> 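What follows is a structure written as structure tokens; I'll ask about it next.
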Amino acid sequence: MLVLPDQSRQIARLFSFLMLGERLAHDCAAQQEAITSDASVRRFLSAQARQEGFHAQVFQKAIIWLAPRGINRSPGFAPIEHYRKLIQDAIRREDFTETLLAQQVILEGLGVVILNRISMGIDRRGLGFNRIRRLLMNQEHAHYQFGLRQLEQILASGDASAGMLQQRGREYLGLTDVMFDALADLFDSFNEDSAVYRSEHRRHLPQWLT
């Protein structure tokens with residue numbers, strides 16, 4: 001993603017979308033902690049909630065720096081709020097498996113793909129921020145891998161099937177497609193194709209889901 005000086009407000013709008021995702025991840029991890037009895041899982045989720053809160057702060061500060069006069073609401077606001085409502089419903093039902101699928105695998109997988117491509121663009125332009133980028137990427141990847149391991153253990157135990165997870169993931173994946181469609185014009189302003197991000201996200205997900 002090559003960024004021109006006059007694109008700072010557009011970058012800020014993209015970061016606004018990512019900030020919404022990080023806030024959702026923070027809230028979800030904090031609530032997941034309350035619906036699992038596994039002490040080691042609870043410790044991980046507690047750490048994840050803190051990390052996601054920090055990520056949201058990083059993006060918020062970047063938005064203020066890039067667009068001190070403010071920006072219009074992110075085009076991905078509506079679908080991500082719908083996504084939040086679905087996760088909240090799963091939490092109310094204490095369906096820990098569904099929350100892992102929706103949050104740590106599908107949503108974190110989306111974050112990993114977008115952050116990776118943003119990081120590649122920053123590298124090409126030599127813009128720095130290496131330490132903070134590595135930190136965010138490593139933590140997001142760890143959250144994704146945690147969710148993946150948890151779901152693979154659930155599949156191995158027979159408590160869920162691949163078909164069940166595919167069915168539960170269908171609406172969440174549909175919403176990620178809506179997010180990409182909503183962000184298409186924003187990606188176009190960077191000469192990027194949102195379809196590439198969409199396909200990379202699908203490739204990043206486990207085969208038993210897609």
Side-chain angles (χ1 to χ4, degrees), residues 14 16-36 41 44-45 48-49 51-52 55-56 59 73-117 139-156 159-184 186-187 194-210:
L14 178 58
S16 177
F17 170 77
L18 293 172
M19 181 179 69
L20 290 172
E22 299 293 357
R23 287 177 174 172
L24 170 57
H26 165 271
D27 295 346
C28 180
Q31 292 172 309
Q32 284 175 304
E33 188 182 355
I35 61 173
T36 178
V41 171
F44 183 93
L45 292 170
Q48 181 181 352
Q51 292 165 359
E52 303 290 13
H55 298 177
F59 286 117
R73 190 168 69 174
S74 168
F77 176 83
I80 208 165
E81 284 303 299
H82 188 178
Y83 203 100
R84 175 187 287 275
K85 290 178 181 178
L86 291 181
I87 290 181
Q88 288 299 312
D89 180 63
I91 289 171
R92 281 192 294 271
R93 290 184 276 108
E94 297 190 358
D95 190 334
F96 189 63
T97 298
E98 182 172 326
T99 66
L100 287 168
L101 178 66
Q103 167 57 33
Q104 277 80 10
V105 174
I106 296 177
L107 193 64
E108 292 288 346
L110 177 64
V112 167
V113 167
I114 294 179
L115 286 175
N116 183 58
R117 291 190 65 86
Q139 290 178 348
E140 292 290 287
H141 187 69
H143 302 158
Y144 171 78
Q145 289 297 326
F146 165 80
L148 194 58
R149 288 194 303 271
Q150 290 293 311
L151 287 181
E152 287 175 344
Q153 290 173 14
I154 290 170
L155 286 171
D159 291 336
S161 66
M164 179 191 302
L165 293 179
Q166 288 170 6
Q167 183 178 6
R168 292 186 182 183
R170 190 171 296 124
E171 189 168 6
Y172 292 102
L173 286 171
L175 278 173
T176 64
D177 288 339
V178 175
M179 292 176 198
F180 284 123
D181 290 340
L183 295 168
L186 197 54
F187 283 120
S194 63
V196 174
Y197 286 73
R198 188 196 313 255
S199 62
E200 283 194 17
H201 181 227
R202 287 297 196 274
R203 286 197 300 270
H204 192 72
L205 296 174
Q207 288 187 345
W208 49 256
L209 176 60
T210 59

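Note that the structure is predicted; figures quoted are calculated from it, not measured.
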> Is any side-chain heavy atom of L183 closer than 4.5 Å to one of Y197?
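No; the side chains remain at least 4.5 Å from each other.
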> Return the set of residues passing side-chain contact (heavy atoms from CB on, under 4.5 Å) with L155 (not counting sequence neighbours), or none when no residue passes.
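L155 satisfies side-chain contact (heavy atoms from CB on, under 4.5 Å) with L165, W208 once adjacent residues are dropped.
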> Run through Q32, Q145, Q150 and flag the one making a side chain to side chain donor-acceptor pair (under 3.5 Å) with Q104.
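Testing each of Q32, Q145, Q150 against Q104, the sole residue satisfying side chain to side chain donor-acceptor pair (under 3.5 Å) is Q32.
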> Evaluate the side chain to side chain contact (heavy atoms under 4.5 Å, CB included) criterion for residues L110 and M179: first the C-alpha distance (whole Å), next the side-chain angles of each, then the deciding distance (0.1 Å), finally the verdict.
CA-CA 10 Å; L110 177 64; M179 292 176 198; 3.9 Å; yes
> Within the supplied structure, the quantity of interest is the number of heavy atoms (other residues, nucleotides, ligands) at a distance under 6.0 Å from H204 NE2; does it exceed 12?
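Yes, the 6.0 Å shell around NE2 holds more than 12 heavy atoms from other groups.
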> With a 4.0 Å cut-off, would you call E81 and R84 a salt bridge?
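Salt bridge flag = yes for R84 with E81.
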> Which word best sums up how the rings of F44 and H143 line up, parallel for under 30°, tilted for 30 to 60°, or perpendicular for over 60°?
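Perpendicular: the ring planes of F44 and H143 meet at over 60°.
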> Indicate the atoms forming the closest heavy-atom contact of L148 with P206, along with that distance.
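Reported closest heavy-atom pair: CD1-CG, 3.6 Å.
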> So Q51 and E22, do their side chains get closer than 4.5 Å, heavy atoms only?
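With C-beta onward as the side chain, the pair stays apart.
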> Using side chain to side chain contact (heavy atoms under 4.5 Å, CB included), reason through I106 and Y83 one step at a time and then give a plain yes or no.
CA-CA 11 Å; I106 296 177; Y83 203 100; 3.4 Å; yes
> Taking it one step at a time, do M164 and D159 satisfy side chain to side chain contact (heavy atoms under 4.5 Å, CB included)?
CA-CA 10 Å; M164 179 191 302; D159 291 336; over 6 Å; no
> What heavy-atom pair brings T36 and V41 nearest, and what distance separates the two atoms?
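Taking every non-hydrogen atom into account, CG2-CG1, 4.0 Å.
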> Return all side-chain donor-acceptor pairs below 3.5 angstrom for residues 168-176, not counting sequence neighbours, or 'none' if the list is empty.
from : atom 1 : to   : atom 2 : distance (Å)
R168 : NH1    : D95  : OD1    : 3.0
R168 : NH1    : D95  : OD2    : 2.9
Y172 : OH     : L86  : O      : 3.3
Y172 : OH     : E98  : OE2    : 2.7
T176 : OG1    : L173 : O      : 2.6

> Specify the closest pair of heavy atoms between A90 and T99, including all atoms of both residues, with the distance to one decimal.
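Heavy atoms of A90 and T99 come nearest at CB-CG2, 3.9 Å.
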> When rounded to the nearest 0.5 angstrom, what distance separates CZ in F146 from CD in E108?
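Nearest 0.5 Å value for the CZ-CD distance: 11.0 Å.
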> Taking side-chain contact (heavy atoms from CB on, under 4.5 Å) as the definition, give me every residue that meets it alongside E33, ordered by chain and number, with sequence neighbours left out.
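side-chain contact (heavy atoms from CB on, under 4.5 Å) list for E33, sorted by chain: R42, L45, S46.
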> Kindly indicate whether the side chain of T97, heavy atoms from C-beta on, has any atom under 4.5 Å from the side chain of L151.
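SC-SC contact between T97 and L151 confirmed.
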> How far apart are the closest heavy atoms of S194 and A184, and which atoms are they?
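Looking at all heavy atoms of both residues, the closest pair is OG-CB, 3.7 Å.
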> Hey, are the side chains of L24 and E52 touching, using non-hydrogen atoms and a 4.5 Å cut-off?
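The answer is no; the side chains never approach within 4.5 Å.
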> Of all the heavy-atom pairs spanning H201 and G109, show the shortest one and how long it is.
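Looks like CD2-C, 3.6 Å.
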> Can you confirm whether the side chains of Q31 and Q103 place a donor and an acceptor under 3.5 Å from each other?
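No, no side-chain donor-acceptor contact under 3.5 Å.
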> Kindly compute the distance separating NE2 (H26) from CE (M19), expressed to the nearest 0.5 Å.
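Going from NE2 on H26 over to CE on M19, the span is 14.0 Å.
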> Could you walk me through whether I87 and I91 satisfy the side chain to side chain contact (heavy atoms under 4.5 Å, CB included) test, starting with their C-alpha distance in whole Å, then the side-chain angles of each, then the deciding distance to 0.1 Å, before giving a yes or no?
CA-CA 6 Å; I87 290 181; I91 289 171; 3.9 Å; yes
> Does H82 reach the main-chain N or O of A78 with its side chain, forming a donor-acceptor pair under 3.5 Å?
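Checked: no pair found.
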> In terms of side-chain geometry, is the basic nitrogen of D89 or R93 positioned less than 4.0 Å from the acidic oxygen of its partner?
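Looking at D89 and R93, the cut-off is met.
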